[in-house]
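Below is one structure, written out as structure tokens, with a few remarks after it.
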Amino acid sequence: MPSKSSARLAALTVAAACSAASTIVLTTPAHAESVRIHDIQGSTRMSPYAGKQVTDVAGIVTGIRTYGSSRGFWIQDPSPDADPATSEGVFVFTSSTPKGVAVGDSVTVSGTISEYVPGGTTSGNQSITEITKPTTTVVSSGHALPAATAITSRSVPAAYAPAGDTAANGSINALPLKPSKYALDYYEALEGMSVRVTDTRVVGATDPYTELWVTVKPHENRNRRGGTVYGSYDAQNTGRLQIQSLGATADFPKANVGDTLTGTTAGPLDYNQFGGYTLVASELGTLKSAGLERETTRKQRSSELSVATYNVENLDPTDDTFAAHASAIVNNLKSPDIVSLEEIQDNNGAQNDGTVAADQTLTKLIDAIAAAGGPTYDWRSIDPADGADGGQPGGNIRQAFLFNPERVSFADRAGGDATTATGVTKIRGKAHLTLSPGRIAPADEAWKNSRKPLAGEFVFRGRSVFVIANHFGSKGGDQGLTSQYQPPSRSSETQRHQQATVVNAFVKDILDTQKNADVVTLGDINDFEFSRTTKLLEGRGELWSAIKSLPRSERYSYVYQGNSQVLDQILISPSIRRDCDFEYDSVHVNAEFNDQISDHDPQVLRFRP
């Protein structure tokens with residue numbers, strides 16, 4: 001999942017503002033009416049006043065947003081009603097920087113009610129009720145703010161969203177809110193209101209766009225490093241909450257997973273396209289470090305083959321991360337015998353001029369590894385056709401093998417290129433690749449605009465080992481966990497299912513040719529160990545995802561929206577799994593840290609062929 005996307009960078013600079021959006025107007029006849037905020041919000045996700053004009057809506061200004069494309073301010077009624085399903089806060093959209101209002105002002109606002117969908121209606125995101133085209137009158141100033149509602153472990157329900165109780169199209173928009181029963185309803189019933197959390201643990205490190213994730217449920221699927229593990233589609237971890245700031249970005253804490261925001265963090269509850277419900281803090285707690293350290297795996301023994309997968313996040317020669325990646329490979333991964341690299345870009349990165357060769361990228365990394373005290377690796381890869389494999393435009397990402405020639409040898413069989421498929425043949429009773437390195441079924445529709453698998457045949461201590469490097473299609477386009485559609489659509493799975501089926505069929509060819517062949521299939525699978533993608537890749541026992549040998553709490557390679565989850569996997573054939581004579585390690589060096597050099601953690605497998 002490339003994260004140096006220029007599109008995401010442009011969007012996230014105004015993430016709190018939810019830059020790309022749509023407005024839903026449900027009624028066209030407009031009339032003026034004086035109402036309270038809880039009347040506007042109503043007891044469903046959609047305002048009963050959407051599309052109508054309202055007059056003299058009273059409230060206290062609780063926060064002002066002066067940046068991004070969604071500028072405006074929040075107001076809250078200091079005299080709430082008795083219905084927990086109706087929010088007492090609402091955002092007033094001013095378009096430009098608000099003038100003439102200050103926090104603590106008592107105001108009346110007239111304008112049009114709209115439902116604004118961060119990311120646009122096709123995103124599946126929920127909408128935000130707003131007062132637009134406002135006319136604001138300051139009645140008086142210097143008022144105490146309404147007390148912030150405490151979001152706690154006890155207040156957030158364990159169930160995430162209604163199950164099997166949606167509209168015909170799967171939307172929960174029209175359903176009456178049940179904030180005591182469902183977490184999404186609970187947060188929706190607080191939309192626009194001042195909320196607070198206290199002494200919350202960080203479960204998603206601060207990213208370059210000044211946001212982090214905390215949990216208000218300290219025991220919810222916690223792992224030993226302080227994260228919250230995502231272990232099934234039915235356990236979304238309801239205690240997670242995104243934190244952004246109304247203040248200067250320079251003051252935002254640089255937190256790692258496991259750290260704590262001590263004291264009170266408080267501000268209006270917003271909803272944005274990159275994470276859903278978000279506490280936009282006017283008051284930030286104090287960061288207390290947990291002292292999280294990067295992990296180091298053990299070195300392989302002389303009789304063990306060490307194989308790793310590492311997504312180096314759009315690495316190209318202009319990057320300044322070569323030394324850091326080299327250090328991770330040498331010091332944290334202990335110089336694996338074979339390293340499958342994902343997201344190696346061509347020699348001039350995102351410059352879109354037809355360049356596809358990546359020899360300079362790979363040589364620069366190999367030199368950095370040697371300078372860090374590691375072996376002098378050799379490499380094998382196949383250049384893609386220009387623009388055919390997806391990823392960052394112009395970057396031509398691909399997988400590549402590094403291998404230590406003092407420990408393993410590579411069985412070179414010429415003829416592999418971007419469009420020619422490798423196959424399996426039998427020589428003296430043993431399976432061999434017809435092309436090595438070679439691509440697996442590169443013309444198959446499964447690989448349209450996606451990375452083609454790279455297959456290589458290695459020899460370790462006289463035994464052949466087949467290694468297949470993968471980078472399946474990303475999750476881009478899937479609806480988020482906080483979507484108005486429940487369960488959210490995962491449309492990107494269709495291509496990954498096709499890809500998993502193709503790779504499994506190739507592995508089956510190897511095993512049909514040689515039943516006891518050692519096959520390692522690895523890479524950025526872009527899907528969970530419990531997913532159908534993984535099940536299709538495993539097939540009927542041809543492969544098994546070795547991360548499942550770890551305790552459930554340690555199965556993760558990526559942290560997304562506060563969920564520690566699996567994207568990177570190493571799958572093994574029965575000959576490797578049979579005697580349980582292998583060790584698996586997810587080496588946590590990146591995903592939990594704010595100063596990460598990649599958003600993926602490398603994975604290491606050691607076994608005796």
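Hydrogens, waters and symmetry mates play no part in the numbers below; they use all other heavy atoms, side chains included. Counting from 1, the numbers follow the sequence of the chain as shown.
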With heavy-atom distances below 4.5 Å as the criterion, would you say the side chains of [X] and [Y] are in contact?
X: S491; Y: D478; value: yes
X: E343; Y: N314; value: yes
X: E313; Y: I597; value: no
X: L246; Y: W74; value: yes
X: S531; Y: Y233; value: yes
X: K364; Y: L315; value: no
X: F252; Y: L284; value: yes
X: N590; Y: Y310; value: yes

Check your understanding: S171 and R45: side chain to side chain donor-acceptor pair (under 3.5 Å), yes or no, with the steps?
Key -> CA-CA 10 Å; S171 174; R45 286 171 166 77; over 6 Å; no
What distance separates [X] [atom1] from [Y] [atom2], expressed to the nearest 0.5 Å?
X: L481; Y: T238; atom1: CG; atom2: OG1; value: 11.5 Å
X: T152; Y: K217; atom1: OG1; atom2: NZ; value: 9.0 Å
X: N272; Y: T278; atom1: CG; atom2: OG1; value: 4.0 Å
X: I547; Y: D585; atom1: CD1; atom2: CG; value: 9.5 Å
X: I338; Y: S340; atom1: CD1; atom2: OG; value: 10.0 Å
X: Q569; Y: D527; atom1: CD; atom2: CG; value: 8.0 Å

Distance alone, cut at 3.5 Å: any donor-acceptor contact between the side chains of [X] and [Y]?
X: Q603; Y: S557; value: no
X: Y187; Y: T482; value: no
X: Q273; Y: S123; value: no
X: E88; Y: Q76; value: no

Mark yes when over 12 heavy atoms from residues, nucleotides or ligands other than [X] sit less than 6.0 Å from its [atom1]; otherwise mark no.
X: R224; atom1: CZ; value: yes
X: R298; atom1: CZ; value: yes
X: K299; atom1: NZ; value: yes

Check whether any side-chain N or O of [X] sits under 3.5 Å from a backbone N or O of [Y] as a donor-acceptor pair, and report yes or no.
X: Q399; Y: A469; value: yes
X: D259; Y: V202; value: no
X: N470; Y: I468; value: yes
X: E583; Y: Q300; value: no
X: D524; Y: D568; value: no
X: Q596; Y: F593; value: yes
X: E220; Y: G239; value: yes
X: S586; Y: Y556; value: yes
X: R65; Y: V280; value: no
X: N404; Y: Y377; value: no

**Study point:** From CA spacing to verdict: side chain to side chain contact (heavy atoms under 4.5 Å, CB included), L333, V587
**Key:** CA-CA 7 Å; L333 305 187; V587 188; 3.8 Å; yes
Below 4.0 angstrom, N of the basic side chain to O of the carboxylate: do [X] and [Y] qualify?
X: K334; Y: E304; result: no
X: E342; Y: R451; result: no
X: R225; Y: E554; result: no

Practice item. Could you go through the side chain to side chain contact (heavy atoms under 4.5 Å, CB included) check for R555 and K548 one step at a time? Key: CA-CA 7 Å; R555 299 177 192 174; K548 292 188 290 188; 4.2 Å; yes
Nearest heavy atoms of [X] and [Y], plus distance in Å:
X: A326; Y: I369; result: CB-N, 3.5 Å
X: S450; Y: G473; result: OG-N, 3.8 Å
X: P162; Y: D185; result: CD-OD1, 4.4 Å
X: K475; Y: S492; result: CA-OG, 3.4 Å
X: Q565; Y: N563; result: NE2-O, 3.3 Å
X: S155; Y: Y186; result: OG-OH, 2.8 Å

**Study point:** With S564, the side chain to side chain contact (heavy atoms under 4.5 Å, CB included) member among T228, N223, D601, V203
**Key:** N223
Check your understanding: Is the ring centre of F401 less than 6.0 Å from the ring centre of F403?
Key -> no
Point to revise | R398 vs L341, side chain to side chain contact (heavy atoms under 4.5 Å, CB included): CA-CA, chis, key distance, verdict | key: CA-CA 8 Å; R398 83 290 308 273; L341 299 169; over 6 Å; no
Study note, to complete from the structure: Per side chain to side chain donor-acceptor pair (under 3.5 Å), Y277 is matched among Q126, E191, R240 by Q126
**Study point:** Y160: partners by ring pair (Phe, Tyr, Trp, His ring centres under 6.0 Å), with sequence neighbours left out
**Key:** none
Practice item. Sequence neighbours left out, what passes side chain to side chain contact (heavy atoms under 4.5 Å, CB included) with D234? Give chain and number order. Key: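 If we apply the side chain to side chain contact (heavy atoms under 4.5 Å, CB included) test to D234, skipping adjacent residues, the hits are S232.
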Review point. Given the rule in the side chain to side chain contact (heavy atoms under 4.5 Å, CB included) test, do I243 and L279 qualify, once you have shown the distances and angles that lead to the verdict?
Key: CA-CA 5 Å; I243 306 291; L279 194 165; 3.8 Å; yes
